[in-house]
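The figures that follow rest on heavy atoms only: side chains count, while hydrogens, waters and symmetry mates do not.
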Amino acid sequence: GAPADAMKKVVFIHIPKTSGTSLVHFLKQHIPAFFVQANAADQLDSGDPLVGRVRDLADVRRALDSYGGLALHVDSSFEATRRTTDYRSLAPLLFEPENAAYFRQFSVLTMLRDPYRSFLSSYAFVKRAKERDPGFLPDLDLGSVHAYLDQAHPNAILHFLLEPQLAR
């Protein structure tokens, strides 16, 4: 094992709309070979060798064996997001009992954000996405902020914190 004074590798769980991108930039600057899971195809276009697809537990293990740390995005837009209930993440793998011993060797970090500010940021993000692609979340009414608030839609922070079975 590593000496007791050696820094553990970092696994960062990037919850959307929590300023996680800023923390990812910080981690990339301060942790050598910090790998970032791409959550959209356009991220791969930059050609950054430290950004790539991470699809399953085997990919997570390979990344953590080969790199100084790993950022896992809580949601991914590689697959079409067509319903407000769509939710795709590898982050729950960290909390499955059969993986607990493996992930204990890492420092696991995440960022949280004031729920009101997160809600407004999410509303603005979804509104921009729907303007670019009218087929994005077609069942979600964005007629007003109040309409958005009243609808069942995933709040990534609340979903992450309140999910009783993180493996779901």
Side-chain angles (χ1 to χ4, degrees), residues 1-83 85-114 117-118 121-122 125-126 128-129 132-133 136-137 154-168:
D5 61 345
M7 186 174 118
K8 289 182 171 185
K9 289 185 178 184
V10 171
V11 177
F12 174 60
I13 301 170
H14 183 169
I15 299 173
K17 316 320 299 167
T18 61
S19 300
T21 300
S22 297
L23 186 54
V24 166
H25 288 302
F26 175 84
L27 293 169
K28 284 184 66 111
Q29 288 176 353
H30 295 283
I31 296 177
F34 188 80
F35 194 80
V36 177
Q37 175 194 33
N39 71 311
D42 63 346
Q43 288 182 299
L44 300 176
D45 295 340
S46 72
D48 184 342
L50 294 176
V51 175
R53 294 292 305 266
V54 180
R55 296 177 181 93
D56 54 24
L57 181 59
D59 283 351
V60 168
R61 286 176 175 258
R62 273 192 293 278
L64 288 168
D65 286 346
S66 303
Y67 299 99
L70 173 65
L72 285 176
H73 206 277
V74 166
D75 201 8
S76 167
S77 57
F78 275 105
E79 298 79 23
T81 304
R82 295 298 168 208
R83 298 181 317 278
T85 54
D86 286 354
Y87 196 79
R88 300 165 304 274
S89 178
L90 295 178
L93 292 172
L94 278 71
F95 304 97
E96 291 177 346
E98 60 270 24
N99 299 329
Y102 172 73
F103 285 107
R104 206 170 284 126
Q105 66 185 301
F106 306 108
S107 294
V108 178
L109 305 174
T110 195
M111 290 272 285
L112 301 177
R113 186 177 184 187
D114 174 274
R117 290 180 186 267
S118 179
S121 179
S122 174
F125 173 81
V126 171
R128 285 190 308 270
R132 285 191 308 270
D133 175 8
F136 181 76
L137 298 177
N155 176 316
I157 295 173
L158 292 177
H159 183 98
F160 180 77
L161 293 175
L162 299 176
E163 174 58 59
Q165 296 177 323
L166 280 168
R168 287 178 34 180

Chemist: Does N99 form a side-chain contact (heavy atoms from CB on, under 4.5 Å) with L94? I'd like the steps, not just the answer.
Modeler: CA-CA 6 Å; N99 299 329; L94 278 71; over 6 Å; no
Chemist: Donor-acceptor pair, Q43 side chain versus N39 backbone, under 3.5 Å?
Modeler: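 Answer holds: yes.
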Chemist: List the atom pairs, donor and acceptor, that lie under 3.5 Å between side-chain atoms in residues 57-64 and the rest of the protein, sequence neighbours left out.
Modeler:
unit_1 : atom_1 : unit_2 : atom_2 : d
D59    : OD1    : R62    : NH2    : 2.4
D59    : OD2    : R55    : N      : 2.8

Chemist: Name all residues meeting the side-chain contact (heavy atoms from CB on, under 4.5 Å) criterion together with L109; count only those two or more places apart in sequence or in a different chain, and write none if there are none.
Modeler: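 For L109, the residues satisfying side-chain contact (heavy atoms from CB on, under 4.5 Å) (neighbours in sequence not counted) are V10, F12.
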Chemist: Just wondering, do V24 and H14 contact through their side chains at under 4.5 Å, heavy atoms?
Modeler: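 Side chain of H14 against side chain of V24, heavy atoms only: contact under 4.5 Å found.
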Chemist: In terms of ring plane angle, is the pair H30 and F26 parallel, tilted or perpendicular, where the classes change at 30° and 60°?
Modeler: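 Aromatic pair H30/F26 classed tilted.
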Chemist: Excluding sequence neighbours, so at least two apart, what forms side-chain hydrogen bond (donor to acceptor under 3.5 Å, both in side chains) with K9?
Modeler: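 side-chain hydrogen bond (donor to acceptor under 3.5 Å, both in side chains) list for K9, sorted by chain: empty.
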Chemist: Which is it for L93 and Y102 under the side-chain contact (heavy atoms from CB on, under 4.5 Å) test, yes or no, and what are the steps along the way?
Modeler: CA-CA 11 Å; L93 292 172; Y102 172 73; over 6 Å; no
Chemist: For Q37 and H73, which heavy atoms make the closest approach, and how far apart are they?
Modeler: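 Taking every non-hydrogen atom into account, OE1-N, 2.7 Å.
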Chemist: CG of L23 to OG1 of T110: how many Å apart, nearest 0.5 Å?
Modeler: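 The CG atom of L23 sits 9.0 Å away from the OG1 atom of T110.
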Chemist: Got a second to check how far R132's CZ is from R128's CZ, nearest 0.5 Å?
Modeler: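 It comes to 7.0 Å.
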Chemist: What are the two closest heavy atoms between I13 and A91, and how far apart are they?
Modeler: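 Closest approach of I13 to A91, heavy atoms only: CG2-CB, 3.7 Å.
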Chemist: Would you say L50 and F34 make side-chain contact, with heavy atoms under 4.5 Å?
Modeler: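 No, their side chains stay 4.5 Å or more apart.
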Chemist: State, yes or no, whether a side-chain contact exists between D42 and L44 at a heavy-atom distance under 4.5 Å.
Modeler: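 D42 vs L44: side chains apart.
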Chemist: Which heavy-atom pair separates V51 from A38 by the least distance, and what is that distance?
Modeler: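 Scanning both residues, the minimum pair turns out to be CG1-CB, 3.8 Å.
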Chemist: What I'd like to find out is whether the side chain of M111 reaches to under 4.5 Å of the side chain of I15, using heavy atoms alone.
Modeler: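 Answer no - side chains too far apart.
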